[in-house]
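What follows is a short report on a single structure.
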Amino acid sequence: MRVGFGYDVHRLSRGFKLILGGVEIPFEMGLKGHSDADVLIHAIIDALLGAAALRDIGFHFPDTDPQYKGISSIKLLKHTARLLLEQKYKIINIDATIVLQKPKIKDFIPQMIENIACSLGLERSQVNVKATTTEHLGFEGRQEGISAYAVAMID
C-alpha cells in the first residue's frame, strides 16, 4: 500500500467559472487558472501521482502547454487514472477537503463524488469529499481563493 498527498490553490476572480469536482457552481466569482482551475481535482491528481511516485500535476500537464488551456480537469483526472493503471496500481480510496468561505457547496458534493468515482472507475464509497471554512481567517476566509487537500491510497 502507498499513500499520496495533494494540495492545490487558485485565486478567486470575476469573469471565471467556479468548477469544483467537475461541477459548475453558481457564484459571482470563479477560479483563475490555465485549465478550469478545479482545485479539488488538482489536489486529487497530485495525491494519486504522489502515491505512485509519478512526479506531480505540473510535470504531466504543464501550464505552459497550450493544449491544456481551459481543459476540464476531469479529463486530466482520467488521464491520471490511465497512468496509474499502466503502472499496475489500484486506487483504494480518496479523501479530500475543499477550503472556502463561500459559497456553501454541500448540495454539490454528491455530484462531485460521482464525477470523481466515475472518472477513476471507483465506487462512490471509495471517494470522500468534505468542505470547510476558515472562519474568515486567511486568504480563503477573505474570499481571495479556494484551496483543496487530498489523500489517496493505492496498492
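Everything numeric in this text was worked out from a predicted model, so none of it was measured.
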Kindly give the heavy-atom pair with the smallest separation between [X] and [Y], and that separation in Å.
{"X": "Ile74", "Y": "Ser119", "result": "CG2-OG, 3.3 Å"}
{"X": "Gly21", "Y": "Asn115", "result": "O-ND2, 3.0 Å"}
{"X": "Gly22", "Y": "Asp38", "result": "N-OD2, 2.8 Å"}
{"X": "Ser35", "Y": "Ser73", "result": "OG-OG, 3.8 Å"}
{"X": "Ala152", "Y": "Ala51", "result": "O-CB, 4.1 Å"}
{"X": "Gln126", "Y": "Ile92", "result": "NE2-O, 3.0 Å"}

State which residue, out of Val127, Ile105, Ile41, fulfils the side chain to side chain contact (heavy atoms under 4.5 Å, CB included) condition with Met112.
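With Met112 as partner, side chain to side chain contact (heavy atoms under 4.5 Å, CB included) holds for just one option, Ile105.
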Here's a test for you: under side chain to side chain contact (heavy atoms under 4.5 Å, CB included), which of Ile98, Val99, Leu100 qualifies with Thr132?
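It is Val99; the other options fail the test.
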Do [X] side-chain atoms and [Y] backbone N/O form a donor-acceptor pair below 3.5 Å?
{"X": "Asp56", "Y": "Asp46", "value": "no"}
{"X": "Thr134", "Y": "Gly141", "value": "yes"}
{"X": "Gln101", "Y": "His136", "value": "yes"}
{"X": "Asp8", "Y": "Ala148", "value": "no"}
{"X": "Arg2", "Y": "Ile154", "value": "no"}

[X] and [Y]: side-chain donor and acceptor closer than 3.5 Å?
{"X": "Thr80", "Y": "His60", "answer": "no"}
{"X": "Thr133", "Y": "Glu140", "answer": "no"}
{"X": "His34", "Y": "Asp63", "answer": "no"}

Among the clusters formed by ILVMFWY side chains lying less than 4.5 Å apart, do [X] and [Y] turn up in the same one?
{"X": "Leu31", "Y": "Phe27", "answer": "yes"}
{"X": "Tyr149", "Y": "Ile44", "answer": "no"}
{"X": "Leu122", "Y": "Leu49", "answer": "yes"}
{"X": "Leu76", "Y": "Ile113", "answer": "yes"}
{"X": "Leu40", "Y": "Tyr7", "answer": "no"}

I need the [X] [atom1] to [Y] [atom2] distance, nearest 0.5 Å.
{"X": "Lys88", "Y": "Lys90", "atom1": "NZ", "atom2": "NZ", "result": "15.0 Å"}
{"X": "Arg82", "Y": "Leu77", "atom1": "CZ", "atom2": "CG", "result": "10.0 Å"}
{"X": "Leu48", "Y": "Leu54", "atom1": "CG", "atom2": "CG", "result": "10.0 Å"}
{"X": "Ser13", "Y": "Glu28", "atom1": "OG", "atom2": "CD", "result": "12.5 Å"}
{"X": "Gln111", "Y": "Ile25", "atom1": "CD", "atom2": "CD1", "result": "11.0 Å"}

Do [X] and [Y] have side-chain heavy atoms sitting under 4.5 Å apart?
{"X": "Val9", "Y": "Ile146", "answer": "no"}
{"X": "Leu120", "Y": "Leu84", "answer": "no"}
{"X": "Glu24", "Y": "Asp36", "answer": "no"}
{"X": "Phe108", "Y": "Pro103", "answer": "no"}
{"X": "Ile91", "Y": "Asp155", "answer": "no"}
{"X": "Leu18", "Y": "Leu20", "answer": "yes"}

Would you find more than 12 non-hydrogen atoms of other residues, nucleotides or ligands less than 6.0 Å from [X] atom [atom1]?
{"X": "Glu123", "atom1": "CD", "result": "no"}
{"X": "Arg124", "atom1": "CZ", "result": "no"}
{"X": "Lys130", "atom1": "NZ", "result": "yes"}

In terms of relative ring orientation, are His10 and His42 parallel, tilted or perpendicular, with 30° and 60° separating the classes?
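Aromatic pair His10/His42 classed perpendicular.
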Is the Phe61 ring parallel, tilted or perpendicular to the Tyr68 ring (thresholds 30°, 60°)?
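Rings of Phe61 and Tyr68: perpendicular, as their planes differ by over 60°.
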